[in-house]
Colleague: 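This structure is in structure tokens; I'll ask about it shortly.
For the numbers below, each heavy atom of this structure counts, side chains included, while hydrogens, waters and symmetry mates do not.
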Amino acid sequence: MICSFLESDCIVAEMAAPAEDGVHAPMPGRCGFYVAKKSRFCKMIVSEGKRLCGEHATHGKEGESTKKRIPCPLDPKHTVYEDQLQKHLRKCNSREKAKPVYYVQDINSGSEDGTATSQEQIPISSLSEVQLQNLINKLKKAVHGLDVILEERLLSHQALQEALNDPKNGDSASKHLKQQASILGNMDRLGLLGSGRCYVEFGAGRGKLSHWVDIALGDTENTQFLLVERASTRFKVDGKHRKHNSLFERLHIDIQHLCLSKVPVLAKEKTQVVGIGKHLCGAATDLALRCLLETCAAVGEEPSSKRLKRDITEPAPNSSTKGDASGHDVSVPVAGIVIALCCHHRCDWKHYVGKSFFQTLGLSEEDFGFFQRLSSWATCGIRKKPDDTSTSHAVSSELENNADQHDLEDQLQNFSSDSLQRLLTVEERENIGRLCKLLIDRGRIHYLQHNGYRADLQYYTDPAVSLENVLLTAVPSQSALL
């Protein structure tokens, strides 16, 4: 790992570190550069007889006698000796790596339907009162007849009781644990906690949700975990699992390009999959749903989307289902889906799985764009006035302190219009935001039902724990069991 600090962030070691830091000298054998931004000395190991690491040598007295360093052409955040550039490029962490066997370009991205436009989106704040009112009327007409009252299923699971009762928990840790406990409780309610399954956690991050699922499963056998995350994540917990009866594998890939049927552990044997996710942001939910239902068929079999695509009211086939050694029906590769939804304002029409649902309601891609952005009102519409600094600060603090909220600036950008403040009350904006979220999620429910699943939306945690408190669940309907 190469140190990558800007010169402006660093102070030569001769300058004493601030007394309040309690650090007055670098660690033995480590670089003598003080990194002001991190309030500590650089931790890079130095060569024998050297005081500074190669990255910082050019900024100190040693730089006069050292070889020239240049920015890495693959990632200018770090530097390399000029005469060793070619050697470095062959091993640089930023180099393009060979694609894994389960990488299929844009397999889950969705298809262009010919309605895409190159025109820029019209800002919500630029709409006149008449235009905004017409848009709201169209939204209310679209949701008319839909069940807008979601059931509360604020559950818990005994696997997390000890952690939940730990007095050392801070506010943030406690909120995360409550959400994870409720997700596990809902999985247990649907019968999705059992042996002989592969749990695929989308947007896994540190892998905490899979960690707790593994704890809940106890000593069950033949359990596997696939943690899908495109970013490099620090402090991962899946590395701590070394039990013989469970396997943790991390897939460094964007969900958009993941073909589950080509993942070796799934291609090797027929294993039922359970898709899970905690706050799967925006379009990532649509990518994950398409990944599960359209790329999870066993190798050599027809895609699951063809085998499952039947109306949910169709009578169950007379033929008996085929099970594996654990008693699970393996004709349906995806045993269930449990995803905590998040950030509808980051959805995208191209990736959205509910296009046909919108179109049956007479709604267009442009309407989706408006509703997608208005959905942020559900969590940010509580700002009373732009000049109400106390209220604005309180709301911003709430969002910033909640680690599950993303892109604060994106969410707040639609609240600068005075006309919106005059036309709509705080409560009305919140309600409109919730209706937009509901409409987008109903499109996802429609997609799941069309593919043979019994899908549902429910509140799984209190808004005080997370403003994004809706859980999407799905299990195969009786007509989908072949």
Colleague: Grab the two heavy atoms, one from Arg429 and one from Trp377, that are nearest each other, plus how far apart they are.
Modeller: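 Scanning both residues completely, I find the closest heavy atoms to be O-CB, 3.2 Å.
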
Colleague: Glu151: what forms a side chain to side chain contact (heavy atoms under 4.5 Å, CB included) with it, not counting sequence neighbours?
Modeller: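 Partners of Glu151 under the side chain to side chain contact (heavy atoms under 4.5 Å, CB included) test: Arg153.
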
Colleague: Looking only at heavy atoms, which two atoms of Tyr102 and Leu251 are closest? And how far apart?
Modeller: OH-CD2, 3.4 Å

Colleague: Going by distance alone, is a donor N or O of one side chain under 3.5 Å from an acceptor N or O of the other, for Asp367 and Ser364?
Modeller: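 Side-chain D/A pair, Asp367 to Ser364: present.
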
Colleague: What distance do His279 atom NE2 and Cys343 atom SG have between them, rounded to the nearest 0.5 Å?
Modeller: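 These two atoms lie 9.0 Å from each other.
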
Colleague: Just say parallel, tilted or perpendicular for the rings of Tyr352 and Trp349, cut-offs at 30° and 60°.
Modeller: tilted

Colleague: Only one of Val200, Val213, Leu192 forms a side-chain contact (heavy atoms from CB on, under 4.5 Å) with Ile276, so which one is it?
Modeller: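 With Ile276 as partner, side-chain contact (heavy atoms from CB on, under 4.5 Å) holds for just one option, Val213.
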
Colleague: Show me the pairs that pass side chain to side chain donor-acceptor pair (under 3.5 Å) and involve residues 434-445, at least two apart or across chains.
Modeller: Asp286-Arg444, His344-Lys437, His344-Asp441, Lys437-Glu468, Asp441-Arg444

Colleague: Can you name the residues that form a ring-ring contact (aromatic ring centres under 6.0 Å, His included) with His211, not counting sequence neighbours?
Modeller: His241

Colleague: Nearest 0.5 angstrom please: Asp188 CG to Ile183 CD1, how far?
Modeller: 14.0 Å

Colleague: We want to know whether Gln179 and Tyr460 form a side-chain donor-acceptor pair, criterion being a heavy-atom distance below 3.5 angstrom.
Modeller: yes

Colleague: Verify, without hydrogens or angle tests, whether Asn169 (side chain) and Asp166 (backbone) share a donor-acceptor contact under 3.5 angstrom.
Modeller: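 The answer is yes, because a donor-acceptor pair under 3.5 Å joins these two groups.
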
Colleague: For the residue pair Pro476 and Ala335, what are the closest heavy atoms and their distance?
Modeller: CD-O, 3.1 Å

Colleague: Are Lys99 and His257 close enough that a side-chain donor and a side-chain acceptor fall under 3.5 Å?
Modeller: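 No, because no side-chain N or O of Lys99 sits under 3.5 Å from a partner of the opposite role on His257.
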
Colleague: Does Gln105 have more than 12 heavy atoms from other residues, nucleotides or ligands lying within 6.0 Å of its CD?
Modeller: yes

Colleague: Parallel under 30°, tilted from 30 to 60°, perpendicular over 60°: which one fits the rings of Phe225 and Phe248?
Modeller: parallel

Colleague: Okay, side chain of Asp106, backbone of Gln256: is any donor-acceptor separation there less than 3.5 Å?
Modeller: no

Colleague: Ignoring hydrogens, what is the shortest heavy-atom contact between Cys296 and Val273? Give both atom names and the distance.
Modeller: SG-CG2, 3.6 Å

Colleague: Assess, by modelled atom type and distance only, whether the side chains of Ser195 and Glu221 contain a donor and an acceptor separated by less than 3.5 Å.
Modeller: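 Side chains of Ser195 and Glu221: no pair found under 3.5 Å.
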
Colleague: Checking Ser182 side chain against Ser156 main chain: does a donor-acceptor pair fall under 3.5 Å?
Modeller: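 No, the answer is negative, given that no donor and acceptor are paired below the 3.5 Å cut-off.
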
